[in-house]
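Only this structure's heavy atoms are used, side chains among them; waters, hydrogens and symmetry mates stay out. Each chain gets a letter, A, B and so on, in the order its sequence line appears, and its residues count up from 1. This one's a predicted model, so the numbers in the text were calculated from it and none came from an experiment.
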Number of protein chains: 4
Amino acid sequence: MSDYGPDDEIVHGGPVPVYVQIAGVLRARIKRGDWQPMRPLPGEQRLADEFGVARMTARKAVRVLADEGTVFVVPQRGAFVSAPDQPGSAGDGA
Amino acid sequence: MSDYGPDDEIVHGGPVPVYVQIAGVLRARIKRGDWQPMRPLPGEQRLADEFGVARMTARKAVRVLADEGTVFVVPQRGAFVSAPDQPGSAGDGA
Amino acid sequence: MSDYGPDDEIVHGGPVPVYVQIAGVLRARIKRGDWQPMRPLPGEQRLADEFGVARMTARKAVRVLADEGTVFVVPQRGAFVSAPDQPGSAGDGA
Amino acid sequence: MSDYGPDDEIVHGGPVPVYVQIAGVLRARIKRGDWQPMRPLPGEQRLADEFGVARMTARKAVRVLADEGTVFVVPQRGAFVSAPDQPGSAGDGA
DNA sequence: GTGGTCTAGACCACT
DNA sequence: GTGGTCTAGACCACA
């Protein structure tokens, strides 16, 4: 189930491609700590279902995060949140 | 199809360039709220068809609106109505 | 469906491990030409179904063939019949 | 029209993904000089037609070449053969 | 279940 | 005509 509300609305036909919007939502959740480092994101199909898009679109969103290093993809295992660059030393409240 | 009538007639061969006239019509529609902020304008081809002009003419009209900030253009995505500058401070009922 | 009959019967509880027996059957089919070089073997699930064994058993049988070079495994793609060692030096005419 | 023959056959269901095979064929043509630096490759749809695959598959092949730097893609213009690193000084027959 | 690949369509902006 | 995006299905190996 999703704990997410209107914050995560996806706009079709807008200036930002759907897959980029989804990548942004996922990125925000990761930074917010919803998904912890080394833990898997929901699978492509689940993301597609949640956002109401085709799997290929959800897949492209995950690829955006993988290309920027936010997550890493392990074939047949899932997409995992990368470890933060400098975990804990600054900026996170420690 | 268009919901617009004689109001939007374009005069060819007059003192005002056709693309400026079209820009004026589009600007009026936006201010009237026909097209909402963050939503796309019709594509160049559609505008060209509606006004009976060449694509380059429709393109120039959109550029006028972009230059004045009424719309913003996202390459490969289209032209989108800008958000109003400060919709709350004056004129909107606040 | 399988074109194979009693020839390929597997004996459980005998002196020869089931996966070795299955490897032998598969090896025979390859040598017989049932499966051509560079073509994929049936997937693990299909082999498991055909021989009435667990997926891990089918997997081990394929591994036997891979270890001896009869087939080669490409991750995420399957197991493929290897090209014959030196088909040209003798018997192929070149 | 294609001047290409059996050399460029694509195998479906083989150990190598179709889009990787196509990328290999295109790479070979570029190295062979069929397509000169700064000239465009055929469009995605043409490649798809030539190889008998979906456009998305041809697209992935081009992306492979773009990722490795063999070509560069200009949106709405095409994919262009990159300039060689050191054209002519070594390695090409010296 | 996962991600990887592939098909066969579609609409779009832009050139 | 180009590439960019998107849909809605599919089969597969692998765990």
I'd like to know if D:Arg55 reaches the base of F:dG4 with its side chain such that a donor and an acceptor end up less than 3.5 angstrom apart.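 Looking at the base of F:dG4, it does pair with a donor or acceptor on the side chain of D:Arg55 (distance under 3.5 Å).
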
Quick check: any donor-acceptor pair below 3.5 Å linking the side-chain of A:Arg59 to the base of F:dT7?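 A donor-acceptor contact between them is absent.
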
Interatomic distance where [atom1] belongs to [X] and [atom2] belongs to [N] [whole Å]:
{"X": "C:Asp49", "N": "F:dC12", "atom1": "CG", "atom2": "P", "result": "12 Å"}
{"X": "C:Arg46", "N": "F:dC14", "atom1": "CZ", "atom2": "C1'", "result": "16 Å"}
{"X": "B:Arg63", "N": "E:dA13", "atom1": "CZ", "atom2": "C1'", "result": "16 Å"}
{"X": "D:Gln21", "N": "E:dG4", "atom1": "CD", "atom2": "C1'", "result": "15 Å"}
{"X": "D:His12", "N": "F:dA10", "atom1": "NE2", "atom2": "P", "result": "20 Å"}
{"X": "D:Ile10", "N": "E:dT7", "atom1": "CD1", "atom2": "P", "result": "11 Å"}
{"X": "D:Ile22", "N": "E:dT5", "atom1": "CD1", "atom2": "C1'", "result": "12 Å"}
{"X": "A:Phe72", "N": "E:dG3", "atom1": "CZ", "atom2": "C1'", "result": "14 Å"}

DNA chain E: 5'-proximal contact among B:Gly43 and D:Val53 (nearest heavy atom):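 In this pair, the answer is D:Val53.
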
Return the 5'-most residue of the pair D:Arg77, D:Tyr19 with respect to DNA chain E, ranking by each residue's nearest nucleotide.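 This one resolves to D:Tyr19.
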
Which is more 5' along DNA chain F, the nucleotide nearest C:Glu44 or the one nearest A:Ala54? Just name the residue.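 Counting from the 5' end, the first nearest nucleotide belongs to A:Ala54.
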
Between D:Gln45 and A:Val16, name the one whose nearest nucleotide on DNA chain F is closer to the 5' end.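 Per heavy-atom nearest nucleotide, the more 5' residue is D:Gln45.
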
With a 4.0 Å cut-off on heavy atoms, is D:Val18 in touch with a base, just the backbone sugar-phosphate, or nothing at all?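 D:Val18: backbone/sugar contact only, no base atoms under 4.0 Å.
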
Quick one: which of [options] gets closest to the side chain of [X]?
{"X": "D:Met56", "options": "E:dT2, F:dC6, E:dT15", "answer": "F:dC6"}
{"X": "A:Pro17", "options": "F:dT5, F:dT7, F:dG4", "answer": "F:dT5"}
{"X": "D:Pro75", "options": "E:dT2, F:dT2, F:dG3", "answer": "F:dG3"}
{"X": "C:Gln76", "options": "F:dG4, F:dC14, F:dC6", "answer": "F:dC14"}

Looking only at heavy atoms, what is the nearest atom pair of D:Arg46 and D:Pro42, with distance?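 Scanning both residues, the minimum pair turns out to be CB-CB, 4.0 Å.
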
Between atom CZ of B:Arg77 and atom CZ of B:Phe72, what is the distance when rounded to the nearest 0.5 Å?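 So the CZ of B:Arg77 and the CZ of B:Phe72 are separated by 11.0 Å.
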
Looking at E:dC14, which nucleotide sits across from it as a Watson-Crick or G-U wobble partner, both distances under 3.5 angstrom, or is there none?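 Pairing partner: F:dG1.
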
Would you say a side-chain N or O of D:Lys60 is under 4.0 Å from OP1 or OP2 of E:dT5?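 So the side-chain polar atoms of D:Lys60 do come within 4.0 Å of the phosphate oxygens OP1 or OP2 of E:dT5, strictly under.
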
Any A:Thr57 side-chain nitrogen or oxygen under 4.0 Å from OP1 or OP2 of F:dT7: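 Yes, because at least one side-chain N or O of A:Thr57 sits under 4.0 Å from OP1 or OP2 of F:dT7.
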
Does D:Arg29 come within less than 4.0 Å of D:Glu50, counting only side-chain N to carboxylate O?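 Salt bridge between D:Arg29 and D:Glu50, a charged N being under 4.0 Å from a carboxylate O: yes.
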
Are the charged groups of D:Arg59 and D:Glu44 less than 4.0 angstrom apart, N to O?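 A salt bridge links D:Arg59 with D:Glu44.
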
Do C:Leu26 and C:Ile10 share a hydrophobic cluster, counting only Ile, Leu, Val, Met, Phe, Trp and Tyr and linking them when any side-chain heavy atoms are less than 4.5 Å apart?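 Hydrophobic grouping puts C:Leu26 with C:Ile10.
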
Does the D:Thr57 side chain pair with the main chain of D:Tyr19, one donor and one acceptor, at a distance under 3.5 Å?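 Flag not set: sc D:Thr57 to bb D:Tyr19 has no pair under 3.5 Å.
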
